[in-house]
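A, B, ... follow the sequence lines: proteins, then strands. Residue 1 opens every chain.
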2 protein chains.
Amino acid sequence: MKLITREVDYAVRALAAVARAGGGLSAAGLAGPAGVPRPVLRKIMQALSRGGITRSSRGRGGGFVLARPPRRISLGDIIAAVRGPLKFNDCVFGGALCHNHRTCLLRGRVAAIERKVLDEVRRVTLADLS
Amino acid sequence: MKLITREVDYAVRALAAVARAGGGLSAAGLAGPAGVPRPVLRKIMQALSRGGITRSSRGRGGGFVLARPPRRISLGDIIAAVRGPLKFNDCVFGGALCHNHRTCLLRGRVAAIERKVLDEVRRVTLADLS
DNA sequence: ACTGAATGATACTAAACTTGTATCATTTAA
DNA sequence: TTAAATGATACAAGTTTAGTATCATTCAGT
Ligand code: FES
Ligand code: FES
């Protein structure tokens, strides 16, 4: 039951490195020091760019920069970009027609807990993590 | 990223049924109405008994009863019995010798969030869910 | 005693998700 | 023109979750 997957952890460390560096960093430059397989980091950085957390420049000398200051990038943003939006309360029967949807005993409670967790992960920013 | 797995959901519904029934209920008696595969429910009930949430009696006429009143059975207890203790912050590198353990940026933060979630799931009791 | 209904314990298969790998296309600076 | 970089995808391997199958053990009723 992981809140933080390995990819999220990689993402956080990579972003922290980018923040430190100031300038742009390439995936290769990030993977090496962090001990992350290069293709994996590439995939993660691509997700972060798609999610609007970094901006990328292609071609020779290209790389990644933060799209906004560290203080405005939250752990929640990072999780959302890498794994998709945090959803604790997805119906355990795969959505669609859940015959218990109305009488579900847990749905509301779990949704409430999810909201609190969301608050927490949004409160932690990259600035706190550097 | 599921806080509640299908098995936990099954467990909650089964326990609610046991609570309603007052007396003992067999796995067969529980599985049918809830629409859960019988062997699956059996496995879950066994886990709940091992976890001290229900007490079982074997043999003909046997079945399960709550080991304590619904108000004293929390969602946290149920999750722990069925899936093992809730751990959000397991080191994403599988524990052992994590070369980042000391410098890990996330560990403390995630542990704090985990504690809050634990508080929440412990606050919700079977009585609330029935 | 015997039988049948029930749980205890385990081993196994199948499906879903996470993690890591591999390619090819596109862009850009030198 | 070339080499270094990202974009986009497809694939393989590993891990976790979900479901199935068996056999052993207990116990009430006859
Ligand atoms: S199980 Fe589908 S909503 Fe609760
Ligand atoms: S990655 Fe191992 S402790 Fe953070």
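- Taking CD from A:E114 and CD1 from B:I4, the interatomic distance works out to 11.5 Å, rounded to the nearest 0.5 Å.
- In this structure, the CZ atom of A:R6 is 9 Å from the C1' atom of C:dG20, given to the nearest Å.
- Screening residues 49-67 of chain B for side chain to side chain donor-acceptor pair (under 3.5 Å), with sequence neighbours left out, gives B:S49-B:T54.
- One can place CZ of A:R38 at 16 Å from C1' of C:dT23, the figure rounded to the nearest angstrom.
- Not one N or O on the side chain of B:D9 forms a donor-acceptor pair closer than 3.5 Å with the backbone of B:R6.
- Between the CG atom of B:D9 and the C1' atom of D:dG19 there is a distance of 16 Å, rounded to whole Å.
- Atom C1' of nucleotide D:dG19 and atom CG of B:L41 are separated by 13 Å, given to the nearest angstrom.
- Residue A:K2 places at least one side-chain N or O under 4.0 Å from the OP1 or OP2 atom of C:dT19.
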Please tabulate, for the side chains in residues 26-38 of chain B, all donor-acceptor contacts under 3.5 angstrom to protein atoms that are two or more places apart in sequence or on a different chain.
| unit_1 | atom_1 | unit_2 | atom_2 | d |
| --- | --- | --- | --- | --- |
| B:S26 | OG | B:G29 | N | 3.0 |

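- Taking side-chain N and O atoms only, B:Y10 has a distance below 4.0 Å to OP1 or OP2 of D:dG19.
- Residue contacts for B:A27: at a heavy-atom cut-off of 4.0 Å it reaches the sugar-phosphate backbone alone, with no base atom in range.
- For the salt bridge (Lys or Arg N to Asp or Glu O under 4.0 Å) with A:D77, the lone residue among A:R83, A:R68, A:R123 that qualifies is A:R68.
- A heavy atom closer than 4.0 Å to some atom of DNA chain D occurs in B:R58, B:G59, B:R60, these being the qualifying members of residues 45-60 of chain B.
- One can place NZ of B:K43 at 15 Å from P of D:dT22, the figure rounded to the nearest angstrom.
- Computed from coordinates, the B:I44 CD1 to D:dA18 C1' distance equals 9 Å when rounded to whole Å.
- A distance of 6.5 Å separates CD1 of B:I78 from CD1 of B:I73, quoted to the nearest 0.5 Å.
- Each of A:G61 and A:V40 lies near DNA chain C, and the nucleotide nearest A:V40 is the one positioned closer to the 5' end.
- Side chain of A:R42, nearest nucleotide from D:dA8, C:dT21, C:dA9: D:dA8.
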